[in-house]
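Since the structure comes first, as structure tokens, the remarks are kept for the end.
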Amino acid sequence: MSPSIPPFVFHQGTAPLLISMPHTGTHVPDDIAAKLTAESREVHDTDWHMPTLYEFAKQLGASILVATHSRYVIDLNRPPDGASLYPGQSVTGLCPVDSFDDTPLYASKDLEPDDAEIARRRELYWQPYHGQLRAELDRMHGEHGVAMLWDAHSIRSVLPRFFEGKLPDLNLGTGNGSSCAPELAESLLLIAKQSPNHSSVLNGRFTGGYITRNYGQPDKGYHAVQMEMTQSSYMQEQMPFEYLPDLANLVEPTLRNMLNAMLDFSNMNSGS
């Protein structure tokens, strides 16, 4: 059985920079949607409008990998075995059964995915996305001697389940220093802190998920960074979750400067 729509949309660029968007998908196949609550079918916990926000990155030569399916189907930023990335803290799983507001996604417990269903979804959606991600990073590395990964996310600015108070606007994560060169991380943080409109932090509440931690191998020339943005920086945080260009235009220069810093670093460390 193949997915009704492809598990991802991919744009290949010319620079050694890949932007991954694992949580921007909104599609839920009919057989899964039928088991969800009415509110869950609205997929509130989506990283909305990421392709629009990062449209400028194509001008920089970046490759862009965009998930099409909702994180409620499967979370592409979780390990395939579903192990927790933040032990001791509240998290959602590989095939989530509850929302960011800690409400059930499924209409009843007996409709939640069992091991066989999780394995099916992993094969249909998780593996193709990660296969494409791995292949593109390796292609870049082979061509340029270095591969840069920017994992693009967004989240509501206030989520009591996961953190107290309001989240900083720009949350850079490098696996607590394991996924990219420290000098790159520091240069990105400096750029973020120069934004007059946004607060920022490095390896705060969000240090990077599975994608950042798994693919970042700086000693081998693979540098990965997660950017978790507050949605209030560019959109409405409640339904209908509209994109707000006036807000987005304030944060885009900072994003552009950070991606250019990724490219400058790749040029200085290219093996070609």
Exercise. Within the side chain of Thr24, is there an N or O that forms a donor-acceptor pair under 3.5 Å with the backbone of Met21?
Worked result: no

Problem set entry | Gap separating the OG atom of Ser154 from the CG atom of Asp47, nearest 0.5 angstrom | 4.0 Å

For this session: Would you indicate whether the side-chain heavy atoms of Asn171 and Met229 approach each other to under 4.5 Å?
Result: no

Exercise. Between Asp101 (side chain) and Thr103 (backbone), is there a donor-acceptor pair under 3.5 Å?
Worked result: no

For this session: Would you check, one step at a time, whether the test side-chain contact (heavy atoms from CB on, under 4.5 Å) holds for His11 with Lys58?
Result: CA-CA 8 Å; His11 164 82; Lys58 292 179 181 177; 3.8 Å; yes

Exercise. Should Pro22 and Ile211 count as side-chain neighbours, where that means a heavy-atom distance under 4.5 Å?
Worked result: yes

Exercise. Ring centres of His44 and Phe100 under 6.0 Å apart?
Worked result: no

Exercise. Below 4.5 Å, heavy atoms only, C-beta onward: do Leu105 and Pro96 meet side chain to side chain?
Worked result: yes

For this session: Give a yes or no on this: more than 12 heavy atoms of other residues, nucleotides or ligands lie within 6.0 Å of atom CD of Glu183.
Result: yes

Problem set entry | Gly208 backbone acceptor or donor facing Arg213 side chain under 3.5 Å | yes

Seminar exercise, completed: d(Leu188 CG, Cys180 SG) to nearest 0.5 Å is 6.5 Å

Exercise. Is the backbone of Leu36 close enough, under 3.5 Å, to the side chain of Arg41 for a donor and an acceptor to pair up by distance?
Worked result: yes

Problem set entry | Glu242 CD to Gln236 CD distance, which is reported to the nearest 0.5 Å | 4.5 Å

Problem set entry | Donor-acceptor pair between Asn203 and Thr174 side chains, under 3.5 angstrom | yes

Exercise. Between Ser200 and Leu189, does a side-chain contact (heavy atoms from CB on, under 4.5 Å) hold up when you go through it step by step?
Worked result: CA-CA 7 Å; Ser200 55; Leu189 181 62; 4.3 Å; yes

Problem set entry | Pair Met262-Val225, side-chain contact (heavy atoms from CB on, under 4.5 Å): steps then yes or no | CA-CA 9 Å; Met262 295 278 280; Val225 176; 4.1 Å; yes

Problem set entry | Donor-acceptor under 3.5 Å (Arg122 side chain, Pro80 main chain) | yes

Problem set entry | Min side-chain heavy-atom separation Val9-Leu65 under 4.5 Å | no

Problem set entry | Within-4.5 Å side-chain heavy-atom neighbours: Ser70 and Thr26 | no

Exercise. Ile5 versus His69: any side-chain heavy-atom pair under 4.5 Å?
Worked result: yes

For this session: Answer yes or no: is there a donor N or O on one side and an acceptor on the other, between the side chain of His198 and the main chain of Ala192, under 3.5 Å?
Result: no

Exercise. Quick one: is the NZ or CZ of Arg134 closer than 6.0 Å to the six-membered ring centre of Tyr222, and within 45° of its axis?
Worked result: yes

Exercise. What distance separates Gln226 CD from Thr212 OG1, expressed to the nearest 0.5 Å?
Worked result: 4.5 Å

Exercise. Is it true that Asp31 and Arg120 have a side-chain N and a carboxylate O under 4.0 angstrom from each other?
Worked result: yes

For this session: State whether a side-chain donor-acceptor pair under 3.5 Å links Ser63 with Gln12.
Result: no

Exercise. Can Phe10 be reached from Leu137 by stepping across I, L, V, M, F, W or Y side chains whose heavy atoms are under 4.5 Å apart?
Worked result: yes

Problem set entry | Aromatic contact, Tyr210 with His130 (centres under 6.0 Å) | yes

Exercise. Is Arg78 salt-bridged to Asp81, cutoff N-O under 4.0 Å?
Worked result: no

For this session: Of all the heavy-atom pairs spanning Val43 and Tyr72, show the shortest one and how long it is.
Result: CA-CE1, 3.6 Å

Problem set entry | Any donor-acceptor N/O pair, His27 side chain to Pro6 backbone, under 3.5 Å | no

Exercise. With a 3.5 Å cut-off and no angle check, do the side chains of Tyr54 and Trp150 form a donor-acceptor pair?
Worked result: yes

Problem set entry | CA sep, side-chain torsions, deciding dist, call: Asp75, His23, side-chain hydrogen bond (donor to acceptor under 3.5 Å, both in side chains) | CA-CA 7 Å; Asp75 192 328; His23 291 155; 2.5 Å; yes

Seminar exercise, completed: Minimal heavy-atom distance between Leu76 and Ala67, with the atoms involved, is CD1-CB, 3.5 Å

Exercise. Is a side-chain donor or acceptor of Thr68 paired with a backbone partner of Pro7 at a separation under 3.5 angstrom?
Worked result: yes

Exercise. Between Ile155 and Glu237, what is the shortest heavy-atom contact and its length?
Worked result: O-OE2, 4.1 Å

Exercise. Same cluster or not: are Val251 and Leu244 linked, directly or through other Ile, Leu, Val, Met, Phe, Trp or Tyr residues, by side-chain heavy atoms under 4.5 angstrom apart?
Worked result: no

Problem set entry | For the student: nearest non-hydrogen atoms of Asn269 and Val146, plus distance | O-CB, 4.0 Å

Seminar exercise, completed: Closest non-hydrogen contact found for Ala261 with Leu184 is O-CD1, 4.1 Å

For this session: Kindly check if the number of other-residue, nucleotide or ligand heavy atoms within 6.0 Å of CG (Asp110) is above 12?
Result: yes

Problem set entry | Distance (rounded to the nearest 0.5 Å) between Tyr125 OH and Ile74 CD1 | 9.0 Å

For this session: Check the side chains of Ser99 and Asp45 for a donor-acceptor pair under 3.5 angstrom, ignoring hydrogens and angles.
Result: no

For this session: Could you tell me whether the side chain of Ile32 reaches within less than 4.5 Å of the side chain of Glu117, counting heavy atoms only?
Result: yes

For this session: Determine, using the 4.5 Å side-chain heavy-atom cutoff (strictly less than), whether Leu263 and Leu190 are members of one ILVMFWY cluster.
Result: no

Exercise. Mind checking whether Tyr243 and Tyr234 have side chains closer than 4.5 Å, heavy atoms only?
Worked result: yes

Exercise. Measuring from Leu167:CG to Gln231:CD, what's the distance to the nearest 0.5 Å?
Worked result: 10.5 Å

For this session: Quick one: closest heavy-atom pair of Ser179 and Ala224, and the distance?
Result: OG-O, 2.6 Å

Problem set entry | Over 12 non-hydrogen atoms of neighbours within 6.0 angstrom of CG in Asp115 | no

Exercise. With no hydrogens and no angle check, do the side chains of Tyr129 and Ser20 hold a donor and an acceptor under 3.5 Å apart?
Worked result: yes

For this session: Using the rule that two of Ile, Leu, Val, Met, Phe, Trp, Tyr join whenever any of their side-chain heavy atoms come within less than 4.5 Å, decide whether Met268 and Ile191 are in one cluster.
Result: no

Exercise. Between Arg121 (side chain) and Cys95 (backbone), is there a donor-acceptor pair under 3.5 Å?
Worked result: no

Exercise. Do Leu250 and Leu259 sit in the same hydrophobic cluster, where Ile, Leu, Val, Met, Phe, Trp and Tyr count as joined when their side-chain heavy atoms come under 4.5 Å apart?
Worked result: no

Exercise. Val201 and Leu170: side-chain contact (heavy atoms from CB on, under 4.5 Å), yes or no, with the steps?
Worked result: CA-CA 6 Å; Val201 68; Leu170 305 173; over 6 Å; no

